[in-house]
Structures are given as C-alpha cells and as structure tokens.
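A quick write-up on the structure given underneath.
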Amino acid sequence: MKKICFFDTKPYDKTYFELLKKDFDINIEYFENKLGPKTAFMAKGYEAVIAFVSDTIDQETIDVLYQNGVRLIAMRCAGYNNVDFKAAFGKIHVVRVPAYSPYAVAEHAMALLLTLNRKIHKAYIRTRDFNFSLNGLVGFDLHGKTMGIIGTGKIGQIFIDICRGFGLKVIAYDPFPLKNTDIQYASLEELCKEADIISLHCPLTKDTFHLINQETIGLMKKEVYLINTSRGALINSEDLLEALKAEKIGGACLDVYEEETELFYEDMSYTIIQDDILARIMSMPNVIVTSHQAFLTKEALHNIAETTLSNCKEFFDDKILNNEVCYQCSRGEVCPREKNKRCF
Ligand code: NAI
C-alpha cells in the first residue's frame, strides 16, 4: 500500500480522506503543520504530499521536498497560485482538483450578499439579546439591480443563474468570453460603471493581481457592493479600505484576503492581530468576512478527497496525470502529457 503525507490537516479534511482512502489503496500520515520551507523535511520517505492553498510552496519548499524524495504535490484545491511552478518543473509533478463544487462557492457568494445587504448578522445578535429594534437594518431589493460578474468560468456561470433567479440584471467581463451564450458581456470599464454589485470569479494571475484598485474603484457607482470569493490579491486592500472610509463602496463581502495565509483557518481570537488594514476593514459595519470557507460543503469535501486520491493513484499506477498543471501548460506551450502521460 502506498503512503502519502498530508499537510495542514483539519478535522473536516481527515473525515473524508479517511472514508475514501481504502478505495484507492493508499495510506495517509496526517500533519497539522502547514507545508513551507521549514516543514518540508517532514515529507522525507513519502513520494507524494497533499497540500492546500494556505501552504507556502515556493522554490525553497520545492527544493527541500525534492531532496527528500517527493515527486508529486497533490493540491487538494482548484487554485494553485501559491505553487512556484517554475521551480517544480522537471522535478515534482503538481496535480490539483479542477472542480469540486462550483455550487458551494457560488451559493456562498449569494449567502454573503444576502447577509450583508439584509443585515442578518446584526439581526441575529440583536434578537438573541431580545433587542427587536429595526433601526439600522435597512437593506435594498436585489430585484432590478445590476450584477457585474468578473470571470464567467464554472463558478461565475452558476452565480449568474442564481442572480437571475433573484431578478438581477447580469453583465459580465471575461477576456475569454463564452461562445453561444446569452450572457451579456461588457468591458471591465463598462462593468465597473454600470454594476450595483460586483462579484469576482476569476483566477489570481499576474493580469488579475489588484484588478480592483483605486482606479477601477474610481469608475464604480457610489455605494457599490463588492463580493470576493476568489482570491484576496484580486483586490488592493489598502484601496478597498480607503474606498470604504470614503463611503464609495457601500458594502464588501470577503471570503478571501490578500494576506490571509497566516490568519485564515486558525483560531486567532486570543492573538493581537498585527494586520492593521484587515483589522480596520473588519471594523466597518458594512463589511462581512468569512475565513475562505466558500468551498466548505459536504459535497465539496467528498469530491476533493475523491479527486485528490484519484490523482495520487494515477501517479502511483503510472497512468496519465489527468489533472496535472505545470509551468509549460500555464504558458500555453506544447505539453507532452497526452503522449508521455506526464507534463515532463
Ligand atoms: P474557471 O477556471 O472555471 O473560471 C475562471 C474564469 O476566469 C474563466 O472564464 C477565465 O476566462 C476567467 N478569467 C481569466 N482571466 C481573467 C481576467 N483577467 N479577468 C476576468 N476573467 C478572467 O474557475 P472557477 O472554478 O470558476 O473558479 C474561479 C476562482 O474561484 C478560482 O480561480 C479560485 O481562485 C476561486 N475559488 C475560491 C474558492 C473558495 O473557497 N473561496 C474555492 C474554489 C475556487
């Protein structure tokens, strides 16, 4: 039986991996530590490691993993912007879970919007204290408003369907628009100018880094709502803070934050938070933050475990690595995977 090791283990991950591992004839050693340059040595003796979006998989980490015999990094997530591909290329194969539940993320985006707009988080606290006042709880009808969607991939498309169910008019921006679709596309500039609510569903790349910044915010309507369930660094947090203080942005629903790595997924309630920008953003009454939990449904966790273990099994059985991602592929170069089963 093959043995792999698992970094940054949380109880909800373990439940589903333990349930499914026997189907793949794989044994798993769980570590609570995040994967990074200082912990990578723990993978000694394991050919494959399972990692997550919160791990630091930079050149140093990759070198230590490689020296210790690791040949596969199985990301148990879709996004892989935290992996230094260039460093991994030619040494360690990287696989991921391309989709596990786009519904989970799209539904969470709407949950955040409904919560913030209708002040459910405030009302919940109030009524538990027998405070039945409605002062300060005024929201707005979603019906008839314009939703601007940035990124019309798997999650974006599902979110569009959800929005239409609420009677929102939807416009979208994507540099690679879908063909044969009834989605109304606009330029980024038009979208910023027209939308009452903007929701981000694109990956973090060098082109999308700080896509939402002082300039793009400047184009937006006063009191626009912003939803980010994609990646924190799509938004320049300092510019967001300024726009919230200036009351240009009327509400921010954030499941991700650009400096989340050291904070999210952990209980920091007894820690003095050193990130003044996050602390100030979170102090706003019109901001709701969740801890990168948009993916967190039973269905998604089951699918993540199943695809990650299947990716590892393909590697051990010398089969084609269907979900491999690499430096070469990401640059659109010809990749030998179809012929040689692997990207290199
Ligand atoms: P996808 O790959 O199906 O779609 C991404 C879309 O973004 C594509 O249509 C692509 O053309 C578009 N895009 C690329 N560059 C763009 C740009 N410069 N501007 C606008 N659009 C651009 O990805 P999927 O599955 O819909 O996921 C979207 C993002 O959601 C992921 O990249 C990931 O960062 C995030 N995510 C967040 C989770 C969470 O728990 N909060 C869980 C899963 C994904």
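The shown structure was predicted, so the numbers you read here are calculated from the model rather than taken from an experiment. Both counts, for ligands and for their atoms, begin at 1 and track the order of listing.
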Within a distance under 4.0 Å of any heavy atom of [X], pick out the atoms of ligand 1 and give their elements.
X    : value
I150 : 20 (C)
F295 : 40 (O)
G151 : 7 (O), 21 (N)
Y100 : 42 (C), 43 (C)
V105 : 38 (C), 42 (C), 43 (C)
H201 : 5 (C), 6 (C), 7 (O), 28 (C)
H292 : 39 (C), 40 (O), 41 (N)

### Query
Applying side-chain hydrogen bond (donor to acceptor under 3.5 Å, both in side chains), which residue pairs with at least one partner in residues 275-286 are found, sequence neighbours left out?
Y257-D275, R280-S283
### Message
Going by the closest heavy atom to atom 13 (N) of ligand 1, which one wins out of P203, G232, S230, G79?
### Response
P203
#### Entry: Pick from G153, A109, A172: the one approaching atom 6 (C) of ligand 1 most closely through a non-hydrogen atom
G153
## Note on the structure
The single option from K122, R128, H121, R126 that satisfies side chain to side chain donor-acceptor pair (under 3.5 Å) with Y124 is R128
Nearest protein heavy-atom contact for [atom]: which residue, which atom, what distance?
atom                    : result
atom 20 (C) of ligand 1 : P175 CD, 3.4 Å
atom 9 (O) of ligand 1  : D174 OD2, 2.6 Å
atom 33 (C) of ligand 1 : R231 NH1, 3.7 Å
atom 26 (O) of ligand 1 : I155 N, 2.9 Å

Flag [X] as yes when one of its N or O atoms lies below 3.5 Å from any N or O atom of ligand 1, and as no otherwise.
X    : value
Y173 : no
K154 : yes
T229 : yes

#### Entry: contact_flag P102 ligand 1 heavy-atom lt 4.0 Å
no
### Task
Report yes or no: does L204 have a heavy atom closer than 4.0 Å to ligand 1?
no
Side-chain contact, heavy-atom cut-off 4.5 Å: [X] with [Y]?
X    : Y    : result
I320 : R337 : yes
F159 : I227 : yes
F295 : L301 : yes
F316 : I26  : yes

### Query
Got a salt bridge between D8 and K34, using NZ or NE/NH1/NH2 to carboxylate O under 4.0 Å?
yes
### Task
Identify whether the distance between the nearest side-chain nitrogen and carboxylate oxygen of K313 and D25 falls below 4.0 Å.
no
### Summary
Within the 4.0 Å heavy-atom cut-off, what T208 brings close to ligand 1 is side chain
#### Entry: Residues, nucleotides or ligands: over 12 heavy atoms within 6.0 Å of K339 NZ
no
### Query
Do you know the tightest heavy-atom contact between A186 and L191?
CB-N, 4.3 Å
### Query
Using the benzene-type ring in the case of Trp, are the ring centres of F17 and Y30 under 6.0 Å apart?
no
### Message
Looking only at the aromatic ring of each residue, does the gap between the centers of Y100 and H302 stay below 6.0 angstrom?
### Response
no
